[in-house]
Amino acid sequence: MDFDLTDDQRLLKDSVDRLIADRYSFDQRKKYMAEKDGWSRDNWAQFAELGLLGVSFDEAYGGFGGGPVESMLVAEAFGRGLVLEPFFATVVLGGGLIKRAGTDAQKMAMLSEIAAGTRLVAFAHVERASRYNLADVQVTATKSGDGWVLNGEKSVVMHGDCADTILVTARTAGSRRDRNGIGLFVVDAKAEGLTRKGYPTQDGLRAAEISFANVRAADVLGDPAGALPIVERVIDEAIAVLCSEAVGLMHEMHVTTVDYMKQRKQFGRAISEFQVLQHRSVDMFVALEQARSINMFGTVMAGDDDAKSRSRAVSATKVQIGKSGKLIGEEAVQLHGGIAMTMEYKVGHYFKRMTMIEALYGSTADHLAKVADSGSLFA
Amino acid sequence: MDFDLTDDQRLLKDSVDRLIADRYSFDQRKKYMAEKDGWSRDNWAQFAELGLLGVSFDEAYGGFGGGPVESMLVAEAFGRGLVLEPFFATVVLGGGLIKRAGTDAQKMAMLSEIAAGTRLVAFAHVERASRYNLADVQVTATKSGDGWVLNGEKSVVMHGDCADTILVTARTAGSRRDRNGIGLFVVDAKAEGLTRKGYPTQDGLRAAEISFANVRAADVLGDPAGALPIVERVIDEAIAVLCSEAVGLMHEMHVTTVDYMKQRKQFGRAISEFQVLQHRSVDMFVALEQARSINMFGTVMAGDDDAKSRSRAVSATKVQIGKSGKLIGEEAVQLHGGIAMTMEYKVGHYFKRMTMIEALYGSTADHLAKVADSGSLFA
Amino acid sequence: MDLNFTAEELAFRDEMRKFFRTEIPESIRTKVLEGQHLTKDEIILQQRILNKHGLAVPGWPVEWGGKDWTPVQRYFYADEIQLAGVPGGLAFNTSMVGPVIAQFGSEAQKKKFLPATANLDIWWCQGFSEPGAGSDLAGLRTKAELIDGQWVINGQKTWTTLGQHADWIFVLCRTDPNVKKQEGISYILCDMKTPGITVRPIQTIDGGHEVNEVFFDDVKVPAENIVGEVNKGWDYAKFLLGNERTGIAQVGASKARLKRIRELAAIEPMGEARVLDNPKFREKLSMVEIELKALEMTQLRIIADEKGKAKGRPNPASSILKMKGSEIQQWITDLTMDVAGPYIMPFAMSDEGSGRNEVGYGPEFAAAAAPAYFNKRKVSIYGGSNEIQRNIIAKAILGF
Amino acid sequence: MDLNFTAEELAFRDEMRKFFRTEIPESIRTKVLEGQHLTKDEIILQQRILNKHGLAVPGWPVEWGGKDWTPVQRYFYADEIQLAGVPGGLAFNTSMVGPVIAQFGSEAQKKKFLPATANLDIWWCQGFSEPGAGSDLAGLRTKAELIDGQWVINGQKTWTTLGQHADWIFVLCRTDPNVKKQEGISYILCDMKTPGITVRPIQTIDGGHEVNEVFFDDVKVPAENIVGEVNKGWDYAKFLLGNERTGIAQVGASKARLKRIRELAAIEPMGEARVLDNPKFREKLSMVEIELKALEMTQLRIIADEKGKAKGRPNPASSILKMKGSEIQQWITDLTMDVAGPYIMPFAMSDEGSGRNEVGYGPEFAAAAAPAYFNKRKVSIYGGSNEIQRNIIAKAILGF
């Protein structure tokens with residue numbers, strides 16, 4: 001066991017940290033948000049150039065060849081910067097699915113374009129009625145000639161409004177909540193019959209509702225009736241990446257609060273001199289360190305081939321991240337006071353993103369129930 | 001609605017408060033605990049003289065004629081004094097059962113003796129395997145001539161070691177957890193075949209394990225197969241009294257902590273000057289006031305004839321009392337530091353009694369589940 | 001001690017209940033109960049109905065339209081108005097400036113302002129907080145100088161709620177910089193149309209526009225617009241802060257929200273069942289109800305304790321109402337998010353910030369769930385933060 | 001960064017695991033795992049077995065029996081010894097006085113004391129805390145005066161854990177009352193059989209006798225029994241406080257307790273099922289496991305960070321280990337009480353305070369449930385209360 005970064009990891013971390021320092025001040029971020037897609041194509045090109053868009057892909061497909069630790073480093077920095085670009089949708093979800101489910105040819109075709117920044121991907125899985133049940137798929141795919149035709153509606157497709165390619169889960173067999181009978185289809189965003197309605201999410205990112213009316217899939221990834229285990233695995237990996245992003249958010253909220261406390265004067269002295277506020281910011285710090293620690297565990301375990309121990313560890317991580325994040329977010333706002341309630345100040349935006357991560361792919365309560373049902377963490 | 005005490009209530013409160021002030025210093029209490037029964041017969045006579053042992057009985061049976069509020073006043077004062085005598089066992093449980101289930105003749109015979117201080121009663125209901133399920137009764141009562149014969153074992157009979165009369169629930173019909181088929185029997189503590197083993201409880205009070213080997217009951221209270229609803233009702237009333245006692249405990253823990261903070265010096269100043277400790281004692285105060293408030297609600301509602309709303313309100317009260325009590329007890333110890341961990345200082349004893357009340361007749365978690373299963377408190 | 005309500009008290013409750021639910025338009029009440037924002041016209045409309053029936057300003061002196069109610073009556077008024085989803089009298093008018101003018105204003109001020117304030121013909125806003133002041137309200141720097149028989153005001157106020165709708169503002173100004181900070185403050189009334197006033201919206205993280213900055217640049221106000229004596233404004237502001245104890249805890253509003261959450265949770269699917277079927281959710285809901293029930297009793301104890309006490313002396317125990325009441329309001333937004341689940345994600349506010357779901361993803365109520373959670377962070381910050389309330393209890397009750 | 005353990009590290013873990021579970025009597029380990037108290041002889045026995053195999057004092061300098069282990073090896077030693085239910089070296093000997101003598105003592109002191117200390121031929125106790133001192137340890141008043149070549153000690157110490165078994169005591173004494181409080185303290189070793197020493201038991205609320213008061217009444221100690229320099233005792237005490245970071249969080253012990261709780265909850269009936277079938281209990285248990293898993297990683301991060309750093313300089317982040325570790329130990333006692341339910345009530349300690357259930361009501365483990373809950377309140381009080389730990393983090397890490 002070694003907590004030190006390798007030379008390559010150190011280089012990666014330095015370059016993504018520098019990127020955030022140079023390009024992701026709060027004011028710069030506001031400008032990106034005002035761009036057409038709600039994020040910056042210029043940044044995207046820069047990410048590609050630094051190798052971030054292929055951070056977790058094999059070098060054979062134009063990737064950086066990194067593993068979970070590399071993704072963690074990038075995501076944490078992106079959290080600190082509150083990055084708007086569709087890294088999570090395209091690289092983590094889209095790239096992850098293709099990597100895990102695709103043939104060599106499919107990977108060659110798509111991963112290399114993702115890594116190069118020339119293909120945006122979104123993952124359309126959640127439906128209006130599915131809540132957090134990953135097996136609850138009602139969109140249908142029916143065989144037509146040698147291809148598949150999709151019908152139905154998908155919800156909150158993260159960055160679905162700008163994606164070039166949409167990966168869609170659809171039911172090819174079985175009934176609504178069956179684990180079997182789910183396929184994963186590659187759909188061109190411009191395909192006939194596909195309509196999408198983009199909108200901002202609470203955290204300033206983008207999503208889309210997408211409907212499919214006899215949409216012809218361009219391709220299928222893996223077994224058209226057996227995609228669920230891969231979807232679950234990629235979502236576990238994605239949760240680990242979200243948790244890393246959350247660590248970045250928490251870090252930034254904590255640091256910003258401590259700095260603010262040192263500058264802000266009330267009753268003639270810096271509020272950092274009030275012992276009550278000191279102790280509360282210490283509790284934020286402890287929560288942050290606990291989150292950072294378990295995130296390392298979750299990051300490693302997200303790569304585990306055993307579905308049960310992988311999923312239990314990832315859920316445990318999301319629980320601690322959710323618990324720490326709620327405390328840190330709410331206290332960051334409270335210790336700042338009114339200013340943190342304004343759009344003009346950065347802390348509120350971190351708090352909102354943290355809140356959305358808590359709700360993404362299962363809340364703290366849902367994941368705690370999952371851990372509780374799957375035995376000891378110290379097995 | 002009127003929060004002011006009536007003249008009679010004021011007199012009662014004054015007399016019980018004076019009693020506690022005169023007779024229940026921490027040092028006096030130690031002496032009582034060292035007496036043969038683990039409490040003071042002399043105090044008991046004094047309680048009788050002041051009318052406290054019949055506080056909730058009709059005047060016809062030698063009682064004070066008080067209602068729930070009168071019981072609350074006595075119990076809260078007893079909590080402040082950390083009273084050792086078997087008031088809860090004899091008057092609240094024993095008297096309550098006789099009052100609710102007895103005939104006029106039974107009441108005349110037993111309540112008047114309880115009120116006079118000449119009869120001690122205990123209620124033997126809990127069994128080794130029943131945990132918190134009131135219907136889980138395995139002790140049997142079988143008809144024999146014109147009487148009943150009891151067999152089996154009862155656990156943690158509060159003050160069962162000193163009682164003259166033991167009220168025993170026993171199964172006359174049905175199987176282990178059936179709601180029907182439970183009777184309530186009057187047993188002489190000296191009856192043949194009854195053996196008891198007394199022991200101290202964690203809070204310094206007394207209890208006994210009692211076994212029945214062909215013990216002949218002296219009498220039966222009410223329907224020998226239908227006692228459960230009355231047991232439930234009396235236990236609801238008893239929980240309300242325990243909650244009032246708990247309010248007294250919490251009050252004393254809070255006041256003692258605040259006083260200690262003002263006297264105790266660390267780093268050259270009273271620890272009450274540390275803002276962190278101030279705020280934490282404020283949180284104790286708020287928890288105390290919330291407990292005191294809901295206890296009034298629980299006290300009134302414990303008298304409700306409707307079993308569902310009565311039981312819901314009492315459970316809600318026990319939840320808040322348990323939550324507040326845990327916070328106040330743990331913080332009282334923490335803010336005192338090591339001294340509160342010693343037998344020689346009073347706070348630890350309040351903390352222990354509070355912990356036992358939390359566990360009596362269902363924990364906070366159990367009662368929260370009950371409330372949650374019974375609909376809104378604001379119906 | 002008799003903790004049951006009397007028949008008269010219950011009759012009063014029923015009268016209030018009936019009035020609020022029949023006289024105030026259901027469209028307004030539904031929006032309030034769903035956590036949506038009201039338009040200016042809706043707020044005015046309902047206050048005028050209340051005022052027409054003598055129910056807009058019950059806390060005022062009787063001669064100016066107030067009611068000589070018992071504490072229990074005042075409790076039921078507040079509880080029922082909130083339960084019914086009636087917004088009630090605009091707080092700035094009825095709880096803040098009105099009582100101050102009635103107590104400390106000149107006769108001319110009373111005649112000019114009180115009837116119009118009760119009827120919301122004048123919409124007031126509050127000019128207390130300043131940038132950088134926060135909980136240290138008395139440290140304010142906006143100054144007013146008496147020049148040629150006019151107060152000339154310069155400075156900046158902030159967190160001015162609904163200032164964009166206001167006709168008048170009541171402003172705390174520093175009129176003597178050379179004395180202890182609390183002793184050099186005056187309470188001045190100012191027409192928002194006066195030249196030199198600029199209102200700038202503050203956009204909050206929930207996406208709404210509720211608060212504003214108000215800039216004063218050589219704003220000239222007639223000398224007679226001062227309330228009471230010069231340099232006594234801090235006393236009047238403190239009088240006001242302790243004036244309204246029954247509303248502060250928002251018990252009725254929280255009860256209404258919990259009722260609605262219970263209804264929504266019984267509808268919203270979760271797996272093959274409903275959210276309300278999940279024991280963990282139910283327990284969380286019950287825990288909030290239990291704390292709220294305790295708070296309701298605490299509130300009744302505090303208002304009962306007011307009997308015969310001088311008005312304007314805040315009972316420090318009312319800090320409990322503020323602290324616990326705000327905690328409960330915040331927990332309730334957690335519960336709404338729990339019911340909404342993943343459907344909180346779309347930012348679906350319409351232009352007016354109405355909180356309606358314009359995206360169509362998830363149930364209607366879900367669109368307001370996260371904004372309410374963000375927005376309600378304010379209740380433990382404003383009106384004396386919960387840290388300040390703890391300081392008050394520590395000092396005034398625990399004697400530290 | 002590679003967060004997997006190497007094959008060598010895992011081999012070391014397995015070696016430790018095997019050793020502790022085969023060489024230390026199961027009767028001792030079971031008592032520890034059940035939360036019962038050990039006798040003096042049992043504590044001595046197991047330490048001598050450890051010492052015989054060179055595993056009693058791995059943190060000491062190699063020449064005195066220590067091990068030159070990597071941080072991960074030290075982590076596995078602590079984790080496995082706790083998981084196995086082995087009490088390990090008596091902390092006063094191995095973590096407290098031993099390292100101080102090894103670092104600051106004279107050669108004569110080292111020879112005289114270190115081997116006997118490692119082998120528990122001398123049982124040490126600690127004379128630091130005083131009545132009224134609490135967290136302000138440096139304010140101590142027990143004084144030592146050098147008279148006729150002897151230290152004469154007068155004063156009182158308290159919270160002296162297991163002082164009733166001790167052969168020697170290490171005492172902090174004030175040797176110069178005229179300087180800053182930290183600068184006039186000396187570190188003196190004292191035979192408990194010296195005339196003038198009185199040990200008085202303190203009974204604690206769990207019913208046990210773990211701590212004592214120790215009175216010094218003209219206690220005469222040879223001059224050479226001072227460790228290091230006169231008036232430098234505070235530095236040695238601080239060195240000691242930061243010396244042992246891997247044990248402070250009690251991660252291994254907490255893992256062992258949680259494992260046992262899971263076993264007990266799977267047995268103990270609750271209605272028609274078992275306690276472990278209750279989802280709420282399971283979630284509470286899982287939440288503690290999650291926090292413990294996070295703390296385990298935090299501990300690994302902190303010990304990894306020690307590489308190449310000077311010994312004796314406590315990493316302020318280790319305050320997290322103390323705070324969170326004590327919280328978790330306390331939560332675990334809550335869980336045990338949850339499993340025990342109503343069976344916690346009888347006070348069923350035997351005379352030796354063994355924690356065995358002598359009443360026979362409820363399961364065997366239940367007798368120790370409430371006493372453990374009471375007893376573990378201490379872990380957030382002693383060794384620098386959690387409030388002091390927060391002050392340390394506030395100052396040393398957050399820069400307040």
Side-chain angles (χ1 to χ4, degrees), chain A residues 1-6 9-10 67-70 72-73 254-255 258 261-262 270 272-275 277-286 289-301 312-313 315-317 319-320 323-324 365 367-379, chain D residues 1-6 9-10 70-72 75 83 251 254-256 258-259 261-262 276 278-305 307 317 319-320 323-324 327 386-387 389-395 397-400:
Chain A
M1 174 177 258
D2 184 3
F3 285 89
D4 293 336
L5 298 181
T6 63
Q9 288 168 342
R10 169 65 52 195
V69 172
E70 284 72 14
M72 178 183 85
L73 294 172
H254 179 251
V255 164
V258 167
M261 284 171 63
K262 290 176 182 173
S272 61
E273 293 178 33
F274 291 97
Q275 193 195 19
L277 307 186
Q278 287 186 2
H279 279 209
R280 285 167 60 179
S281 65
V282 168
D283 288 340
M284 292 169 72
F285 173 73
V286 173
E289 291 306 314
Q290 285 287 86
R292 197 190 295 281
S293 290
I294 205 161
N295 185 54
M296 291 176 179
F297 169 69
T299 296
V300 172
M301 291 299 292
R312 177 168 57 212
S315 288
T317 303
V319 169
Q320 180 71 58
K323 186 181 173 190
S324 290
H367 282 285
L368 181 56
K370 279 180 71 178
V371 178
D373 290 345
S374 76
S376 171
L377 265 183
F378 295 101
Chain D
M1 187 182 261
D2 180 355
L3 300 181
N4 296 298
F5 293 109
T6 63
E9 288 165 344
L10 292 175
T70 64
V72 168
Y75 157 75
L83 272 174
V251 171
S254 289
K255 281 197 270 187
L258 287 170
K259 180 161 176 283
I261 286 170
R262 199 175 273 278
L276 195 60
N278 180 332
K280 202 159 56 173
F281 173 80
R282 274 209 310 277
E283 291 191 4
K284 198 169 161 187
L285 175 60
S286 290
M287 193 65 241
V288 178
E289 287 195 348
I290 291 167
E291 286 273 9
L292 182 60
K293 174 54 81 177
L295 188 66
E296 182 176 41
M297 294 299 296
T298 301
Q299 174 168 283
L300 284 163
R301 288 169 54 210
I302 288 174
I303 59 180
D305 192 49
K307 265 188 315 192
S319 289
I320 300 177
M323 278 174 63
K324 210 72 207 181
E327 276 180 25
N386 282 5
E387 290 72 38
Q389 304 302 331
R390 285 190 178 86
N391 287 347
I392 291 171
I393 293 177
K395 195 171 164 187
I397 301 183
L398 306 187
F400 289 137

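Hydrogens, waters and symmetry mates are skipped; everything else that's a heavy atom, side chains included, is used. Protein chains get the first letters and strands the later ones, always in sequence-line order, with residue 1 at the start of each.
A:F285 touches chain D through its side chain: at least one heavy atom from C-beta onward sits under 4.5 Å away, while N, CA, C and O do not. Only the side chain of A:V69 comes within less than 4.5 Å of a heavy atom of chain D; its backbone N, CA, C and O stay farther away. Looking at A:M72, the atoms closer than 4.5 Å to chain D (heavy atoms on both sides) all sit in the side chain, from C-beta outward. Looking at A:Q275, the atoms closer than 4.5 Å to chain D (heavy atoms on both sides) all sit in the side chain, from C-beta outward. Of the atoms belonging to D:L276, not a single heavy atom falls under 4.5 Å from chain A.
For the pairing with A:S293, the side-chain contact (heavy atoms from CB on, under 4.5 Å) check across D:Q299, D:K293, D:M297 returns one residue only, D:M297.
Applying the salt bridge (charged side-chain N to carboxylate O under 4.0 Å, His left out) test to D:K255 and every residue at least two apart in sequence or in another chain returns D:D79, D:E296.
A:F378 does not carry D:K259 over the face of its six-membered ring by the limits of under 6.0 Å from the centre and within 45° of the normal.
Of the listed residues (A:L368, A:D373, A:V371), the greatest number of heavy-atom pairs within a distance under 4.5 Å of chain D belongs to A:L368. Among A:G375, A:A365, A:G67, A:A291, the residue with the largest count of heavy-atom pairs under 4.5 Å with chain D is A:G375. If you tally non-hydrogen atom pairs under 4.5 Å between each of A:V258, A:L73, A:V282 and chain D, the highest count goes to A:V282. Taking A:M296, A:H254, A:R10 one by one and counting their heavy-atom pairs under 4.5 Å with chain D, the maximum is reached by A:M296. Counting heavy-atom pairs closer than 4.5 Å to chain D, the top-ranked of the candidates A:H279, A:Q278, A:E273 is A:H279. For the set A:V300, A:I294, A:T299, the count of heavy-atom pairs under 4.5 angstrom toward chain D peaks at A:I294.
Between the CG atom in A:D2 and the CG atom in D:N4 there is a gap of 11.5 Å [rounded to 0.5 Å]. Considering CZ of A:F297 and CG of D:L300, their distance stands at 12.0 Å, rounded to 0.5 Å.
Between the side chain of D:E9 and the backbone N or O of A:M1, at least one donor-acceptor pair lies under 3.5 Å. Of the possible polar contacts, none joining the A:Q320 side chain to the D:A294 backbone as a donor-acceptor pair under 3.5 Å is found. A donor-acceptor pair under 3.5 Å is formed between the side chain of D:R282 and the backbone N or O of A:A372.
Inter-residue side-chain proximity for A:D283 and D:R390 is flagged as met; some heavy-atom pair is nearer than 4.5 Å.
Under 4.0 Å is where a charged nitrogen must lie from a carboxylate oxygen, and between D:K324 and A:E289 no such pair does.
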